[in-house]
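All values below come from the heavy atoms of this structure, side chains included, with hydrogens, waters and symmetry mates left out.
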Amino acid sequence: MLKKVALLLTGIAVVFSIAACSEKLEAGKSCPLLCPEQAITLVDTTIDAAVSDTTIAGLPPIGAEGYLMLASHGDTVETRAIIRYDTLPQSYTKSGVDSTIANIDSAYLITPIVKPDSLKRPKAPVTIEAYDVDTTATDTVAAILAPLFRPDRLIGSKTFAPESLLDTLRIPVSTDSVLDRVKNGTKLRVGLRIVSTQGVDLRVGSTTLGLGVTLHITASKDTGAAPVNVAPVSNTPTDQPFLSGPLSDYTIVLNGTTRTPAILLGVGGVPSRRSFIRFNVPSRIVDSTTIVRASLLLTQSPNRRLDPHDSLYVYPLAVLAGPAITDISSLLQFVGTPGQFNLDSLRLAPADSGVVSFEIVGLVRTWRGQSSTVSPRSVALRSAVEGQSPGEIDFFSTKAPTAVRPRLRITYVPQTSFGLP
Amino acid sequence: MMMQLVSHATSRRIGAFVVALLLSFVPAAVRAQANLSAQGFGFPTGQFSTRTWGTGGALAELDPLSPVNSASLALIPTRLVTFQIEPEFRSVTTASGTDHTTTARYPNVFGAIPVGRGWVLSLGASTLLDRTATSVFNTTQFLTATDSVPMTTQFRVDGAMDDVRLGAGWAPASWLRVGVGAHAITGHNLISITQSFADSAQFATFTQQRVLGFSGGAVSAGIQLVSKVVTAGFSARRGGNLDLSSEDTLLTSAKVPNRFGASVAFTGIANSAIAVRTSHDDWSSLGSLGTPGLHAVDAWDTSVGADLAGPRIGDHILFLRGGFRTRTLPFQAGDHTVTEQSFTGGLGSAFAAGHVLGDFALIHSSRTASGLSASEHAWTVSLGISVRP
C-alpha cells in the first residue's frame, strides 16, 4: 500500500515539476521603477559615406529586357521592338500526317502585352505596324535598323482602341512574306512600331520572361490542319548561343537617348540605366556596434522630360561581384534580387523632388566583420521597369553640391558592457 | 525532529527511478521578471531544504538536508540523494499596475554518504543568488528633434550564483556534532537584450548576449550541541575571493559574503522541534562585483518555527510544520532596502518503507522597500524528495 502511495506521490511530483517549468514571462509594468536595467540608448549619425558613384547606361544589356519597350513620343522618344524568327518550320500536321507548307491561309503575331494602368492608358487609338527588318548588316544598331521601317517593308498592321489593350494582341502579317521565308528556308525578322496621334508606351512580352511574341501560321483551312506556332529564335551571332539567345527579341532606341550628367545618378530612362554607389563606413561603426537602421538618403532631382508623374519602383540592390571585377558596368550586372537582404523599394515619380530614404540595414549589417573585398560596401539602384518604360528617376550624386549629395544615416547601438547590475 | 532513515534492501529500483526522473529536470531553464526580490545579482533563495522552509527557516542550522551547517551531515545514517523544486508565483504591484509571473527554481540538490566512524561526506549544489528575470517594456527614443522610434526592450537574465559544497560531518559523541565545508562559488548569468521596433521596415531588431561567469571560494564550519530537550546549532562561512568574468576577461572582483548563524530548538516533545534561528550575511562584500550603482547591504535573517509530529500514515509519522521569517534582502532597489516577511507551512513523511522522504512546504512572502511605492507578494511551493537508493 505504501509503495503505491509512494509511487503516486512520485508521479504527482513529476507532474508538478513539469508544470513548474511552464512559466509566464511577459511582464514589465514595474519598469522603469524596478527594472534593474533600462533600454540601451541608440545613437543616430548621418555621414557622407558615399565615396564614389556613377551611372551606367545600357543596363540591362540589349536582349535582357523583361519586356520590350514600344514607345512613341515624337522627337522625345521613339523605340522599336525587334523579334527574330531565324528558324521557320516548313511543314505542318494535318490529320496526324506531316505536310509541307505550300500555302498559308493566315499569319499573325500573337503579342502579349502588359495592360496599361488607368493612368497610362492611351487616349487615342494606337496602331502597331510590323516591318520586315531582315538585313545582312548589323541589325542591333539603331542607325541600320531605323531606315528599314519604311512602307515597302511593311508586312502588317492593326489599329486598336485604347480599351482593347488588355493582355494579348493579334497582329496580322503578310502571308506572302511569311510563305516566301518558309519556302526558301530563310529567316524572318520583324520590327514592331507603335503609332498614335498622342505619345504612347506599350510593354510587349519578351523571351526573357518566357512571354515572347509568337508567329502563328495557319497553313490550311482544313479543320484537321494544326496551326504552327513559331517562337522567337536568334541564330546570330553564330556559334555564340550566350549572345544569340537573348537577341531573340530586343528593343532599339531610334531617338530620345539621353545621358546622365555627372552631378546626377539616373535610374531607368532611355536607354535604361543603373547607378552604383560605393561607401566607406568607419570601422568603429560598422564593426564595433550593432546597426539597427541604415538609410541611404538621396536627394531627388526632378526629371520632367517624359512621363513625369508616372511613378515607378526603384530598388536598392546588393552588388554581389567579388573584387576580381572592377568594371562598374559589369558590377551592375552582378546584383542581388529585389528584396534580398530585406532591401525595400520606393515608389517614385520622375517629377518628384526632395530627400528620399532607402532602407538598407539588412545589407549594411552584412558588412560587419568583413573586408570590403569579401562584402563589397556598395549599392546598386535600378528601376523595376528598366528597359520597359521610359520614365527616369534622377538623384544628385557625389559631384553635386554638398547639401544634396548622397548620405548614409546610421542608427546603432554602441558597444556596451551590459549585464552588470 | 529529524526523520529516521530506515535501512531496507527493498525499493531500490523505486529510488533509482525517482532520482533519474527528478534529476532529468535539473537543466531546465528558469526565468523571471522585474521585481523587488531579484535586484542586483539576484534573489537569495536561502539554501533551505523543503523541511526547513516549512519551519520558516528556523531549523536551517540543524537540518541535514539544508546545506547550511555541515555539522548536521553527521545526522545522515545512510546514503542519500535529495532534490528540490520550488516554483514561485509572484505578483509585483506598482502604480503602473500589477504583473503576475511564475518562476521555476531548482535550488538544492546533493548527495551524502557515510564513510564510517561517525563521518558523513556530502557533495551538493544550491542556489546562492538566483538572478533569473525577464523585463519587457516599451519606450520611445528620440534620435533627433524630429525623429523618434518606439521600441520594445526585452532584458532577460538566466542563471544564478551557485554554491557547490563539499562537506563533512562528524559525530564524535552523542551530544556533539561538528562539520566543515569547502565551497566553490560558481554559476553564470546569461544575459540577453533584444530591442525590437514597431517600424520593422526601417529598423532591424537588435539582439545581444553576454555570459557573466562567477568563480570563487569559501570555507565553512559548524557545530551542534545536543541535550535531552535542547539542540543548538552554529555555523559560519568565511568567504574568499569572488571573480566575475565575461569569456576570458576578468570584469570585477569581490569577496564571497561571510555568514554566521545559530539555531536553537526545543526537542522536549517526542519527534518534534520548536526552533528559533538568526543569521547574518555580509552581502555588502558583493558591492564591488557590480557597477558603482549597485547597493548591497548586510542583512539579518531571523525565523521561528516548529516541526511537530502529527498523525501516522502506516508506520510513518506525518510531520506538520509552520513558521515565520523576516529578513532583509541583499540588494537595494535604487536606494531603498528591500525587506521580506514570510509565513510558512509544510508537511513531511517517509514512504516506500522509509526509502523515500517527501516534504512539502507552502510559503507566502511579502516584500516591500521602504519609501518605494512598490510591493511584491509571492506564493512559493517547495517540494523536496530524498531517496536512499
- Message: If we check side-chain contact (heavy atoms from CB on, under 4.5 Å) with A:Thr411, which of these qualifies: B:Asp147, B:Leu143, B:Val149?
- Response: B:Leu143
- Message: Using only non-hydrogen atoms and a strict under-4.5 angstrom cutoff, which residues of residues 359-369 of chain A touch chain B?
- Response: A:Glu359, A:Val361, A:Arg365
- Item | Region of B:Thr144 in contact with chain A, defined by heavy-atom distances below 4.5 Å | side chain
- Message: For B:Leu36, which atoms come within 4.5 Å of any heavy atom of chain A: side chain, backbone, both, or neither?
- Response: both
- Message: Quick check on B:Thr207 against chain A: is it the side chain, the backbone, both or neither that has a heavy atom closer than 4.5 Å?
- Response: neither
- Report the distance from atom CG of B:Leu294 to atom CG of A:Leu420, rounding to the nearest 0.5 Å. 9.0 Å
- Note on the structure: Counting heavy-atom pairs under 4.5 angstrom with chain A, the leader among B:Ala204, B:Gly290, B:Ala95 is B:Ala204
- Note on the structure: From the list A:Asn342, A:Val43, A:Asp44, the residue making the most non-hydrogen contacts under 4.5 Å with chain B is A:Asp44
- Query: Checking heavy atoms, do the side chain of B:Gln208, its backbone, both or neither come under 4.5 Å from chain A?
  - Reply: both
- Message: Counting only non-hydrogen atoms closer than 4.5 Å, does B:Gln202 touch chain A with its backbone (N, CA, C, O), its side chain (CB onward), both, or neither?
- Response: both
- What do the steps show when you test B:Gln141 against A:Thr41 for side chain to side chain contact (heavy atoms under 4.5 Å, CB included), and what is the final call? CA-CA 8 Å; B:Gln141 182 169 345; A:Thr41 302; 3.3 Å; yes
- Message: With a 4.5 angstrom heavy-atom cut-off, is it the side chain or the backbone of B:Leu372 that approaches chain A, or both, or neither?
- Response: side chain
- Is chain A contacted by the side chain of B:Phe331, its backbone, both, or neither, given a heavy-atom distance below 4.5 Å? neither
- Query: Is it the backbone or the side chain of B:Glu376 that comes under 4.5 Å from a heavy atom of chain A, or both, or neither?
  - Reply: neither
- Note on the structure: Value for OG (B:Ser148) from CG (A:Leu42), rounded to nearest 0.5 Å, stands at 11.5 Å
- Note on the structure: Under 4.5 Å to a heavy atom of chain A? For B:Ser96 that would be both
